[in-house]
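Here the structure is laid out as structure tokens; the discussion comes afterwards.
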Amino acid sequence: MGRYNIGNVPVVPYVLPENVVINTSITSVNVTDKRLPQCILGMVCNTTSEANCTDIQNAAIDFFKYGNIHDGLSCEDIQPYYFVCNKSYYCPDPVTSEPCPAGYFCPYKTAQPFIVCNNCPEGSEVIHRETYGYFVMFIYFAFAIGYVVVMLLKRRFERVADEIERLKSRVVDVLDIEQHLVSKQD
């Protein structure tokens, strides 16, 4: 477990393998400590220091200019480290974990519920999809297929009607020829 402190910035812990030596221009720290089995609620700590989770979040935003990279992380349980907010919960701040409200789905690391899920009950662990959209798509495709079938049948009937007209004209021609031949014989 290592730590750094620059001016008024709070101590920010980070995980390192045991017996690692960090040499920087700011400090030289021999990291041989281990995390405490339990920290105070809302803190992360090691054997020599602890830091407030909210201060760590604010340091990432204000001092390091990383933005809110700790959004959706929590240290509300008495643990010596941050953890990702669980699925079906949201963590609006580092020390609060709330069940996801009805009508929303909260995946891991959710700071505020934003995925609308009308069929989801409070604390839903899976997203409940609506079937209305599938029904509408089925109707749409049924109409599309119906339209294609009707157009193909219409085209076929037009061809058949044209063929019938052509055959009628040939029959009329044959009858005219036959009538002409009969009239010549008389």
Side-chain angles (χ1 to χ4, degrees), residues 1-138 140-141:
M1 176 74 172
R3 63 187 187 285
Y4 54 87
N5 189 350
I6 305 171
N8 293 330
V9 177
V11 174
V12 181
Y14 55 93
V15 177
L16 288 175
E18 288 187 46
N19 300 320
V20 173
V21 176
I22 302 171
N23 291 311
T24 67
S25 60
I26 300 169
T27 183
S28 178
V29 180
N30 186 3
V31 182
T32 57
D33 54 353
K34 294 185 177 182
R35 294 180 180 268
L36 294 175
Q38 287 190 336
C39 288
I40 300 169
L41 184 63
M43 306 291 272
V44 290
C45 56
N46 62 22
T47 55
T48 60
S49 65
E50 58 187 20
N52 183 301
C53 295
T54 304
D55 291 342
I56 294 171
Q57 186 175 30
N58 292 337
I61 296 168
D62 299 332
F63 181 76
F64 295 107
K65 307 294 185 208
Y66 291 145
N68 202 356
I69 60 173
H70 297 294
D71 236 8
L73 295 178
S74 177
C75 58
E76 74 155 340
D77 287 345
I78 300 175
Q79 298 285 338
Y81 47 85
Y82 264 127
F83 65 93
V84 173
C85 195
N86 285 325
K87 184 171 35 168
S88 78
Y89 286 86
Y90 70 99
C91 299
D93 58 62
V95 293
T96 308
S97 178
E98 301 285 335
C100 196
Y104 288 93
F105 173 71
C106 299
Y108 290 106
K109 201 175 182 293
T110 299
Q112 292 296 326
F114 65 93
I115 300 175
V116 177
C117 173
N118 293 329
N119 294 334
C120 290
E122 180 178 338
S124 179
E125 291 192 6
V126 293
I127 199 163
H128 297 276
R129 303 197 186 279
E130 295 182 20
T131 56
Y132 178 74
Y134 295 115
F135 179 73
V136 170
M137 289 302 293
F138 173 77
Y140 172 76
F141 283 119

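Below, all heavy atoms of this structure are taken into account, side chains as well, without hydrogens, waters or symmetry copies. All values derive from a computational prediction rather than experimental measurement.
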Mark yes or no for whether Ser124, through its side chain, and Val126, through its backbone, hold a donor-acceptor pair below 3.5 Å. yes
Check the SG atoms of Cys106 against those of Cys85: under 2.5 Å or not? no
Check whether any side-chain heavy atom of Met43 lies under 4.5 Å from a side-chain heavy atom of Cys75, and answer yes or no. no
Shortest non-hydrogen contact between His128 and Cys120, atoms and distance: N-SG, 3.6 Å
Contact summary for Phe105 and Cys100, nearest pair of heavy atoms: C-SG, 3.7 Å
Does Pro99 reach the side chain of Tyr89, with side-chain heavy atoms less than 4.5 Å apart? yes
When every non-hydrogen atom of Gly72 is compared with those of Ala111, the smallest separation belongs to N-CB, 3.8 Å
Verify, without hydrogens or angle tests, whether Lys109 (side chain) and Leu73 (backbone) share a donor-acceptor contact under 3.5 angstrom. no
Identify the heavy atoms of Lys65 and Asp62 that sit nearest to each other, and give their distance. NZ-O, 2.7 Å
Tell me, with the steps shown, if Lys87 and Thr110 meet side chain to side chain contact (heavy atoms under 4.5 Å, CB included). CA-CA 8 Å; Lys87 184 171 35 168; Thr110 299; over 6 Å; no
With sequence neighbours excluded, residues passing ring pair (Phe, Tyr, Trp, His ring centres under 6.0 Å) with Tyr108: none
Do Val116 and Tyr104 come close enough that some side-chain heavy atom pair is under 4.5 Å? yes
